[in-house]
Student: 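Sharing a structure with you now.
Below, read A as the first sequence line, B as the second, and so on, with proteins coming before strands; counting in each chain starts at 1.
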Amino acid sequence: MAALFQAPTAFSSSNSLDSNKFNHSPSPRSLSERKSSILTVRSDARSNPLLNSAAHKPHRFITNAVATKPDTSLASTSSKPGHELLLFEALREGLEEEMERDPRVCVMGEDVGHYGGSYKVTKGLATKFGDLRVLDTPIAENSFTGMGIGAAMTGLRPIIEGMNMGFLLLAFNQISNNCGMLHYTSGGQFKIPVVIRGPGGVGRQLGAEHSQRLESYFQSIPGIQMVACSTPYNAKGLMKAAIRSENPVILFEHVLLYNLKDRIPDEEYVLSLEEAEMVRPGEHVTILTYSRMRYHVMQAAKTLVNKGYDPEVIDIRSLKPFDLHTIGKSVKKTHRVLIVEECMRTGGIGASLTAAITENFNDDLDAPIVCLSSQDVPTPYAGTLEEWTVVQPAQIVTAVEQLCQ
Amino acid sequence: MSLSATKFVHPITTPPTSRSSDKPLFSTFFGSNHTKLRFNKPIVAAQRRSSSAASTSFSPVVAVSSDVVKEKKLKSASNLLITKEEGLVLYEDMILGRFFEDMCAQMYYRGKMFGFVHLYNGQEAVSTGFIKLLKKEDYVVSTYRDHVHALSKGVPAREVMSELFGKATGCCRGQGGSMHMFSKEYNLLGGFAFIGEGIPVATGAAFSSKYRREVLKEPGADEVTLAFFGDGTCNNGQFYECLNMAALWKLPIVFVVENNLWAIGMSHLRATSDPQIWKKGPAFGMPGVHVDGMDVLKVREVAKEAIERARRGEGPTLVECETYRFRGHSLADPDELRDPAEKAHYAGRDPITAFKKYLFDNKLASEQELKAIDKKIDELLDDAVEFADESPLPPRSQLLENVFADPKGFGIGADGKYRCEDPKFTQGTAHV
C-alpha cells in the first residue's frame, strides 16, 4: 500500500490543529492519582464545572466532554519530544501496551499471528506473546467473532480483527445479536469488552467487495460503540480506549491511512471514545468528517482559505454515539453544516448525523445541512470510476462556496 | 433412509510431516465405531502425541449404537454406575424439568407468559445426564429450548419462572425471556434465539478456559463447556466452523446434539444429506458418539467420558443424543406433521418412566421416596409461580440500564455532559 499522504507538512500548520497537539491541563485530581508517566488527555478544563464534580470517580479516564482548544504547541506541553511513526505502528504500539498491561487482552483474527497481520498491525506480537494470545484463526468470521464474544463473557478481553472490515459482514449475526445485545438480554450479567477492528473504506482499486464501509450497516445495532481513527495520534489513543472500555467497540481503520506518518507523545495517553476532535477551528462553516475524508477536507480547506473562507473542521471520530456537544458548539458558532463522509448516501453516518443535528440544533442553522457522501454504487475497479464514487476536494470546495452564499 | 447401525468409519490418519514447532497440538483423528458395547477395544489409528500432553493414557470413545426402532437396552453396562443418592438426584432433576415445562404450558395458556416458548418434554435425559456431572464453574450454552438446561445447571425455578413472566426478579431482570436465559452465578451463557449462534460463544468460553490454564497459568482452570443444540443446527455453518476450531485447538468443549428428529416441521431426514450426525465428528478430528438420548444412564456414561476428556485437555467430543420432544416445537406449533405412531413409540420410551422402572428394579428407591420427590417438586413449582406472580414488573427506569456495561457509551449530549448523567436516563424516559 503506497503512502498517499506524507507527514502533516502537507497541510499548513499555522491554522490547523495537528492531531498530536493536546492540551495538558493538569488538575490536582487527575495527576495525583496517576502514575507520573501517564498523561491524561484533558480538553479545555474551564468549560463545565459540573464535570469536575465529585460525581466523577477519580480513577476513571473521564475527560471533559469538550474538544481540545488549538494554539498549543507540542514543546510547551510535553516533557519529552515524542517519536515519529506510521499509523499502523501507532495501532500496534497501543495494542502492545495494552497487552503488556493486562494479560487478559488477546487478539484473534486471520493471519494476525505468524503473518503479523495483513497490514502489519500485529507484527511481532505473536513472537512476544505466544500463539494463544495472538491467535491465528481459520477463515470463519462468524464463528471466531462469536468465539471472541464468548471469551469476553467469560473474562478475557479479545480484540477481533477482520482482515478487511467487509469480511465482518459474515459475522453480522454475532455482532448484532450477541455483541450488541447480550449485555441487555442477560439483564446486565455478562459484559462483552471486545474490540472489533479492521481496515475498511475505499482503497486503491480494490474492487467493490474490498471497498466497503460497514459503519453504516452497524450503526443501528444497540449496545455497541463505533469509532474511526484517522491519525497516528488518535489511532493509538482510540485503540487503547477501546481495549479498556467495558463496552463492545468497533474501531474502523482505513486501508489508505496506514502509512500516515506523524509524531506522537512518548508518554502513555488514552483518548475518549465519545469525543470528537477539533481539527481546525473556524468561523464560516462547520465541516464534519471522519477517517480518510478528513484529509480530503483539509486539502479542500487549503483552497478555501486561499479563497477567503474560514472553515471549521471537526473529525467526529465517534460514529456512534455522536459527540453532540462539540458538534453543537460548532453549529451555534457557524450556523452552516457540511458533512463529508465516505459512506454511501443512503442510510450512512451522514444521514444519521444530519437527522441528529436537525433534531437538536435546527434553530441554529441558517441553511439546510449539506451532506457529501459516496455514490450509492458498488465501488468500481477502474481508477477513474472509483475516483468519482468518493467525494473529492473539489466537490467540497464547491459545496462550501454554495453553502456560504 | 435407514439409520444403519453397521457402518464403520475409518479414522483418517494425519500425515506424518511436521508442522512448525510453535503450532498448536495436532491430534490424530479418532474414528467412531458402531459396535454394541461401550469402552471395549480401542479402535484408533497410530497416533502422534505432542510432548506436552499431560496424560499418557487415553480412553477411546466408541459409539453406542441405537437404532430408532430398536428396543431400548436398559441393562448393559449402566446398572452398576449409580448410587441411590445419585439416582434420586437424577430423578429429581428430570421431574423438575418435566413438571416445570408442564407448568409453563399451563401458565402460557392462562396468559401469564407470551411469545415463543419452547418446551423440553421428553428430552430430560439429555439435560440431566450431562449437566448433573458438571461443576458449578463449568459452562453451559443452550438454545431457545433452554428452561430445563437452566434448571439442571442450578438456576432456581423461581428465577426462571419470573423471567418467563417478564418480571424484574427474573434471572435476566425480565429482559431476556424464554429464549434468553442467562446466569452468571451458575455459568449459563444463554439462551440464544437463532440456532447455531450459541455454539461459537461456547467455543469462546472453552477458549477462555484454555487461555486461563495456559496463558494466565491459573491452577485448576479446567472448566468444561457444554454446547447444546439440535439436529437442525447441524446443517448450519457455525456448527462446522466451531467443530473445526475446537478440534484444532483442543478446546475443552463437548458438543451435544439433541437430535429430536424435527426442526419445527422439517424432518431431519428431509434436511440432511447424511443424517448420522455423530459421523461428522471424526471428519474434524474428534470422536463422534451416538447415544440413546431417552436413557439417562447411557447419556450419563457417555457424558462422563466426554467431559473428562475435555477436562484432561484432550479436546472436544461430538455427542449425538437421539431423543424426542413430546410436545410441538413451541407452544404455537400445532404439531400436526409428526406421525402419531412415531410419537407413541417415543412416548413408550419416556425417560422418566424408564428411569423409575430402573430404580425400582434395582432396588435403589421405593415408590414412596419417588412420590415424595414428586410432591416436593410440585410444591417448589407452586412456590415459583406464586413468587413470579407476586413479583413486580420491571419499572420504566430499567429500560436503559443495561444497554451498555459502561453507560458513557450513550455519548455526550448537546450540553456537554455525558447523556447517562441526565436524570431522564435513570428514569428510562430519555430518548437514545
Side-chain angles (χ1 to χ4, degrees), chain A residues 47-48 50-51 55 62 64-66 103-104 106 130-133 137-138 140 142-156 173-174 177-178 182-193 222-223 225 245-247 273-275 318 320-326 328 360-361, chain B residues 20 22-24 139 141 170-177 180 182-184 189-194 197 199-212 214-216 237-238 241-242 244-245 248-249 401-406 408-419 421 432:
Chain A
S47 59
N48 193 335
L50 281 178
L51 279 175
I62 295 184
N64 288 357
V66 173
R104 298 168 303 163
C106 55
D131 275 350
L132 264 191
R133 278 193 84 181
T137 61
N142 201 12
S143 294
F144 70 70
T145 305
M147 192 173 100
I149 292 167
M153 287 167 75
T154 47
L156 299 188
N173 180 5
Q174 293 293 336
N177 284 0
N178 289 346
L182 273 186
H183 184 71
Y184 195 83
T185 50
S186 67
Q189 292 182 84
F190 291 99
K191 58 180 176 123
I192 305 169
Q225 282 186 253
S245 172
E246 300 300 314
N247 298 333
L273 287 174
E274 297 86 24
E275 275 186 31
S318 174
K320 179 183 160 98
F322 295 131
D323 177 359
L324 290 180
H325 181 77
T326 308
N360 286 286
F361 309 116
Chain B
S20 71
D22 52 353
K23 281 279 200 284
Y139 301 107
V141 174
C171 55
C172 300
R173 306 179 86 194
Q175 290 167 191
H180 305 280
F182 287 84
S183 167
K184 187 147 177 87
L189 301 178
F192 292 93
F194 286 20
E197 74 179 355
I199 306 178
V201 173
T203 311
F207 177 79
S208 223
S209 174
K210 184 179 171 87
Y211 188 97
R212 277 197 292 278
E214 295 183 17
V215 176
L216 302 180
Q238 289 177 93
E241 290 175 7
C242 291
N244 178 42
M245 293 197 290
L248 183 63
W249 298 316
E401 269 172 16
N402 300 124
V403 177
F404 287 107
D406 177 359
K408 297 215 309 279
F410 284 119
I412 299 167
D415 56 3
K417 294 192 291 185
Y418 277 97
R419 297 174 77 200
E421 289 162 21
V432 296

Student: A:T137 versus chain B, heavy atoms under 4.5 Å apart: side chain, backbone, both or neither?
Tutor: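 Both backbone and side chain.
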Student: Please report the shortest heavy-atom distance between A:P103 and B:L216, naming the atom on each side.
Tutor: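 So the two residues come closest at CB-CD2, 3.5 Å.
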Student: Roughly how far, to the nearest 0.5 Å, is the CD1 atom of B:I412 from the CG atom of A:L273?
Tutor: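 Spacing of CG (A:L273) from CD1 (B:I412) equals 10.0 Å.
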Student: Of all the heavy-atom pairs spanning B:L189 and A:M153, show the shortest one and how long it is.
Tutor: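 Answer, listing the atom of B:L189 first, then A:M153: O-CE, 3.8 Å.
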Student: Please check this pair: side chain of A:E246 against backbone of B:D406, looking for a donor-acceptor N/O pair closer than 3.5 Å.
Tutor: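 No; judged by distance alone, with no hydrogens or angles, the pair does not exist.
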Student: For a side-chain contact (heavy atoms from CB on, under 4.5 Å) check, start with the C-alpha distance between A:Q174 and B:V201, then their side-chain angles and the critical distance, and finish with the verdict.
Tutor: CA-CA 9 Å; A:Q174 293 293 336; B:V201 173; 4.2 Å; yes
Student: Which region of A:L156, side chain (C-beta onward) or backbone (N, CA, C, O), has a non-hydrogen atom less than 4.5 Å from a non-hydrogen atom of chain B, or is it both or neither?
Tutor: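 Both parts, heavy atoms under 4.5 Å.
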Student: Measuring from B:C242:SG to A:F144:CZ, what's the distance to the nearest 0.5 Å?
Tutor: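 One finds 11.5 Å between SG of B:C242 and CZ of A:F144.
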Student: Any non-hydrogen side-chain atom of A:L132 less than 4.5 Å from a side-chain atom of B:W249?
Tutor: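 Contact flag for A:L132/B:W249 side chains = no.
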Student: Nearest 0.5 angstrom please: B:K408 NZ to A:E275 CD, how far?
Tutor: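 B:K408 atom NZ to A:E275 atom CD measures 10.0 Å (nearest 0.5 Å).
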Student: Where do A:P321 and B:G409 come nearest, in terms of heavy atoms and distance?
Tutor: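 Distance-wise, the nearest heavy atoms are CG-O, 3.1 Å.
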Student: Out of A:R133, A:K191, A:K320, which one racks up the most heavy-atom pairs below 4.5 Å with chain B?
Tutor: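 Of the candidates given, the most pairs with chain B belong to A:R133.
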Student: Heavy-atom distance under 4.5 Å to chain B: side chain of A:F361, backbone, both or neither?
Tutor: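 Side chain of A:F361 only, per the 4.5 Å heavy-atom cut-off to chain B.
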Student: Looking at B:F404 and A:Q225, what are the two nearest heavy atoms and their distance?
Tutor: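 Residues B:F404 and A:Q225, closest heavy atoms: CE2-CG, 4.0 Å.
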Student: Roughly how far apart are A:N247 CG and B:F410 CZ, rounded to 0.5 Å?
Tutor: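 The CZ atom of B:F410 is 9.0 Å from CG of A:N247, to the nearest 0.5 Å.
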Student: Which atoms form the tightest heavy-atom contact between A:N178 and B:F192, and what is the distance?
Tutor: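 Scanning both residues, the minimum pair turns out to be OD1-CE2, 3.2 Å.
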Student: If you measure from CG on A:N177 to CD on B:E197, what distance do you get to the nearest 0.5 Å?
Tutor: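 Atom-to-atom, A:N177:CG and B:E197:CD are 4.5 Å apart.
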Student: How long is the straight-line distance from NZ of B:K417 back to NE2 of A:H325, given to the nearest 0.5 Å?
Tutor: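 It is 11.5 Å, given to the nearest 0.5 Å.
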Student: Closest approach of B:Q175 and A:Y184, non-hydrogen atoms and distance?
Tutor: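 Residues B:Q175 and A:Y184, closest heavy atoms: NE2-O, 2.7 Å.
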Student: Given side chains that start at C-beta, do those of B:F207 and A:T154 come closer than 4.5 Å, heavy atoms only?
Tutor: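 They are not in side-chain contact.
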Student: Could you tell me which of A:T145, A:L182, A:N360, A:I192 has the largest number of non-hydrogen atom pairs under 4.5 Å with chain B?
Tutor: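 Among A:T145, A:L182, A:N360, A:I192, the one with the most close pairs to chain B is A:L182.
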Student: Checking A:S186 against chain B: side chain, backbone, both or neither under 4.5 Å from a heavy atom?
Tutor: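 Both backbone and side chain of A:S186 come within 4.5 Å of chain B.
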Student: If you tally heavy-atom pairs under 4.5 Å against chain A, which of B:C172, B:G411, B:S183 wins?
Tutor: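 The answer is B:C172.
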Student: Could you check which of A:G130, A:A151, A:S143 has the highest count of heavy-atom pairs closer than 4.5 Å to chain B?
Tutor: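 Winner by heavy-atom pair count: A:S143.
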